[in-house]
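Worksheet: one structure, shown below.
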4 protein chains.
Amino acid sequence: MPDAALSRKSARARVYWWLERPDRAAVGPWILEIALVTLITLNVAAVILETVDPIYARWRQAFNVFEALSLSVFVAEYAARLWVSREDPEVRSRFSWAITPLALIDLLAILPALLYLFVPIDLRILRTFRMLRLLKLTRYSPALGMLLAVFEEEAGAFFAGFFILLLMLIFAASGAWLAEHKVQPEAFGSIPAAMWWAVATLTTVGYGDVTPITVAGKIFGALITIVGIGMAALPAGIIATGLNDQLHRRRASLEREFRKALEDGAICDAEETEIEALRKKLGLSRRAAHHIRERVEAEMPASQERCRHCGKLLAAEAQ
Amino acid sequence: MPDAALSRKSARARVYWWLERPDRAAVGPWILEIALVTLITLNVAAVILETVDPIYARWRQAFNVFEALSLSVFVAEYAARLWVSREDPEVRSRFSWAITPLALIDLLAILPALLYLFVPIDLRILRTFRMLRLLKLTRYSPALGMLLAVFEEEAGAFFAGFFILLLMLIFAASGAWLAEHKVQPEAFGSIPAAMWWAVATLTTVGYGDVTPITVAGKIFGALITIVGIGMAALPAGIIATGLNDQLHRRRASLEREFRKALEDGAICDAEETEIEALRKKLGLSRRAAHHIRERVEAEMPASQERCRHCGKLLAAEAQ
Amino acid sequence: MPDAALSRKSARARVYWWLERPDRAAVGPWILEIALVTLITLNVAAVILETVDPIYARWRQAFNVFEALSLSVFVAEYAARLWVSREDPEVRSRFSWAITPLALIDLLAILPALLYLFVPIDLRILRTFRMLRLLKLTRYSPALGMLLAVFEEEAGAFFAGFFILLLMLIFAASGAWLAEHKVQPEAFGSIPAAMWWAVATLTTVGYGDVTPITVAGKIFGALITIVGIGMAALPAGIIATGLNDQLHRRRASLEREFRKALEDGAICDAEETEIEALRKKLGLSRRAAHHIRERVEAEMPASQERCRHCGKLLAAEAQ
Amino acid sequence: MPDAALSRKSARARVYWWLERPDRAAVGPWILEIALVTLITLNVAAVILETVDPIYARWRQAFNVFEALSLSVFVAEYAARLWVSREDPEVRSRFSWAITPLALIDLLAILPALLYLFVPIDLRILRTFRMLRLLKLTRYSPALGMLLAVFEEEAGAFFAGFFILLLMLIFAASGAWLAEHKVQPEAFGSIPAAMWWAVATLTTVGYGDVTPITVAGKIFGALITIVGIGMAALPAGIIATGLNDQLHRRRASLEREFRKALEDGAICDAEETEIEALRKKLGLSRRAAHHIRERVEAEMPASQERCRHCGKLLAAEAQ
């Protein structure tokens, strides 16, 4: 959108243009985005460094000033996004925008600090919640979208996987409690206590701070561990399957677009732009898109071949 | 099924309607199902909490009453399910129902406690068997069905994977015993003793309570560990492959259904309901079904082929 | 093969029929196979139990008798298999049989014990080599064949994966040595010594017997560990890909067979038997075969449809 | 290339023929390649052994001589490769060759040692950089190329996976710090300190040198660990997906080539050579190529379709 066109727009449209980057080629909004990403990263770094006592003692004042500044920026950002949300044709009302995941994350990033202004509770715990500002970064990662889509799509399988894991955990803890609670009353005194060992074992973390020492406990533990590697493999299998599926679906979408564009023999500039936009939205790599196009083109000419005997076109659309 | 129709049915059909939920839209049976799931969860929580000595000492009486109550409910549920099993057209006899996996789980959930009424043996161990009630939850998880189908289908590959793991375990334990049994006679004094280290190492749990200390033992241990990560990867690979396969098969089934329904150009309401039922049975997500439908519809217009003899269009919408 | 037909055969053919089970339906050879599997399992159990000092002290004589017996059986088995190998039409000479993997395993199972008869060396180490008899079990597991084919096929990728792992190991050990060799001269005194920590870390075993304690060492260790989870994932990814591929190839083979058999409209008994044999050879489950057949049949009728206008068959083979 | 043809070539072309092996069948360059691989391996072994104090004390002089020799060879190799790079028709200028990854690796392998000749800094750290010579081996592994292509292609997904892992790490460290910093001020005194535990836990390494001891810390730790197995599975899923994809793409390329070659009914010798070259470039196994060819051939006869206008066969073998 050229500046001339922009100047005729309302202030709200202008802010929308800066904040939501509908025009991905504009330089100004891109710099603003980088500034926001940097501020979020600095905030997280500040939360981490504040917990280091000597650093906090030395720079306490600076941390407080930085927090006040950051909070102002994030509050202003939230207010601005809420205000301009109506510019997005897909958003029906400000409230419907406010309950989108990205908007809720923005709210979570400012709420704890705002609460503190009115209800002064234990500062230390509250400050840690500023960690949630980290989640604001999700807005800027396209590939993250695909991973989240996998988790969403495969939620059922994930739930089942965790259900099986829970079953295994309870069985493992019960068995270890039976075998060990007399010899190690501290570590295996009850099933909830034995759960700590069961979690460390079935997830293959294996701290080794608590291990079975009776023969029965060791045999049971070994069996549980061997079966457990299958459990730990469940999420890997589910994610691999889901990711594979996502990619195939997205590629199929792009392929359909290519096929449609190539039906008239060549891809015109308008089609090229449209396909490129779809590619970015789907989060596919340029190389993958190139490969799909090559394949579609390789298949296409076959349908414009002529009969070797009468010279007429074989494909129906050439009639 | 409307209440009017139900009232004309026999008592057995009525209980069947409540317990087995043939009509997934009815509210009453749905609430009963939730109540049963809650009772099972509370039972497992009780078994876990009973092992915490102070809690058991304080609430012993309450635990006993709750157990008596739960047992009555589960016995009644088992009896009722056995009674109404003949209502299911796919069940030929009560015995054939009683040996289905779900029925056996229901039996296992009450058998140990019933046994105790007649043969009073050590209470502590017996009570842990009430943990098996957890398995009753499998009836209510559709996604679990797909995972179990994967395990069933890939049983051969799983068995082979565990066979290779067993081979590796025995070799690892033999080698470690050879290298370490003179220096650490307690931990590596025999192959069965060295197996504890081998299991912890090959499954990458790595407690660290027992580690090789000789140079030969460390070199052998390092080699075994490096090869072992391939072993631990076997179940992941098998599950990923199996899950992928299951999903493709189920999607192919749904696709066939869509294709059949779309042959006459549109999906009528009866077909819609039928496909939705199949989708639920197959455990596919609504989004996946939508994607399949979109793909089938995109391919369909291309089938406006003409008869090779009379030249007329084959598809119905061309008439 | 009926007994009558067998009796007319030579002794060699008869032994071949017993040992190699060309007729999978015969009961006698099947019992012999089970007996051999049992003997192998007992042998491995004996090797394991002999290392437990009290058991060996008590049953020494029995172990020796059992070993002498087992050795005789395995020597006889090897000699017999070598003798009858010419019966197999695919084996050109006895030597070409003797260098097949299965024959070499059979030889390895008897060689160490035979060697001992002539060159009496340290008994303890030699006895452990009897563990190799475990490998004899591979002959009897069909699913193992598919896994081994995956390892063979993906050998290049596996080698590359291990090469990357080796690179990572050397870099990890070098870095840890640089950071820690002054503070922990015993555990990190040289790169080979630091390798023990590097292996335990990169394979995610993490014994914890040796860990970095300097700040530089911990930061470096943390970075290496995070990158390392990608390394540990390499074999899983390779196996999943390879297994997936194997299955697809095998299914495609079976599908081609079904398609060929169904070309004339129905599968006759001879074709059924042939396909069943192929299915067993490929190690595919009955359910998978059923699914493939269903799919092929669902596609087939479409090519025998008649034109909706002139009533003639559309498929070319129906002309 | 025969020696007669070579002798007429310039010295530069001759060196190119020896170093870059354009003719893969020539024996001389193949021996030179093996010699270089051996030298690289010996160099890495030397770096490792130098860190073992007794060995270094004893063989110091030999190590220095070997290093001087190796450095000369590698410098000569780099100079020679730079000189002959113009022989490669795909290289436009010496500079464009010098910034290829392989050339940069070659430079990195000599630069630290050359620097030391002019700026004498701490020898110990510098010597470790000779480890980088290990990377020179990548030139000789074809399968490594496929793995690197997967990492390159899936860079977006990998970045997203590591971003999620970073989020999890920061949350885990924050939570553990909150729960444990009062009881274990040394191990969990600040978020950066708690990060060491978080890394060991989320990557399932689990050293066990630092573990939570409060009840809140253990519950939080268990929850984080259970969620963490999904995190550790992300790279596996991404790699499996990417590898699968790479293989399919490469197989599709080879299949297209086979299809093109088979269009005239048979594969002539020239086509055979061309396909074999492509197969090697793609890093596909001979077995995989054989399978693709079989499939293409099985599909080909089906294409004996007739022209829709004149009714004659379209395929050449039907003439």
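Source: prediction; values computed, not measured. Sequence lines set the chain letters: A, B, ... in the order given, protein chains first and strands last, and positions in each chain run from 1.
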Neighbour count >12 (heavy atoms, 6.0 Å) for atom CZ, C:Phe151: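 Yes, enclosed.
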Residue C:Trp59 excluded, over 12 heavy atoms near CH2 under 6.0 Å: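 No, not enclosed.
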Nearest 0.5 Å, please: how far is [atom2] in [Y] from [atom1] in [X]?
| X | Y | atom1 | atom2 | answer |
| --- | --- | --- | --- | --- |
| C:Thr51 | B:Leu178 | OG1 | CG | 9.5 Å |
| C:Ile48 | B:Ser174 | CD1 | OG | 6.5 Å |
| C:Trp196 | B:Ile213 | CH2 | CD1 | 11.0 Å |

Would you mind telling me which of [options] has the largest number of heavy-atom pairs within less than 4.5 Å of chain C?
| options | result |
| --- | --- |
| B:Gly208, B:Gly206, B:Pro192 | B:Gly206 |
| B:Gly175, B:Pro212, B:Ala193 | B:Pro212 |
| B:Thr203, B:Leu167, B:Leu202 | B:Leu167 |

Given heavy-atom pairs under 4.5 angstrom as the criterion, report whether the side chain, backbone, both or neither of [X] touches chain C.
| X | value |
| --- | --- |
| B:Asp245 | side chain |
| B:Arg256 | side chain |
| B:Phe163 | side chain |
| B:Thr211 | side chain |

Heavy-atom side-chain proximity of C:Met131 to B:Ile191 below 4.5 angstrom: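 Result yes, sub-4.5 Å side-chain heavy-atom pair found.
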Between [options], who has the most heavy-atom pairs with chain B when the cutoff is under 4.5 Å?
| options | result |
| --- | --- |
| C:Leu137, C:Val47, C:Ile238, C:Leu165 | C:Leu137 |
| C:Arg251, C:Met195, C:Glu294 | C:Arg251 |
| C:Leu132, C:Val150, C:Leu134, C:Leu49 | C:Leu134 |

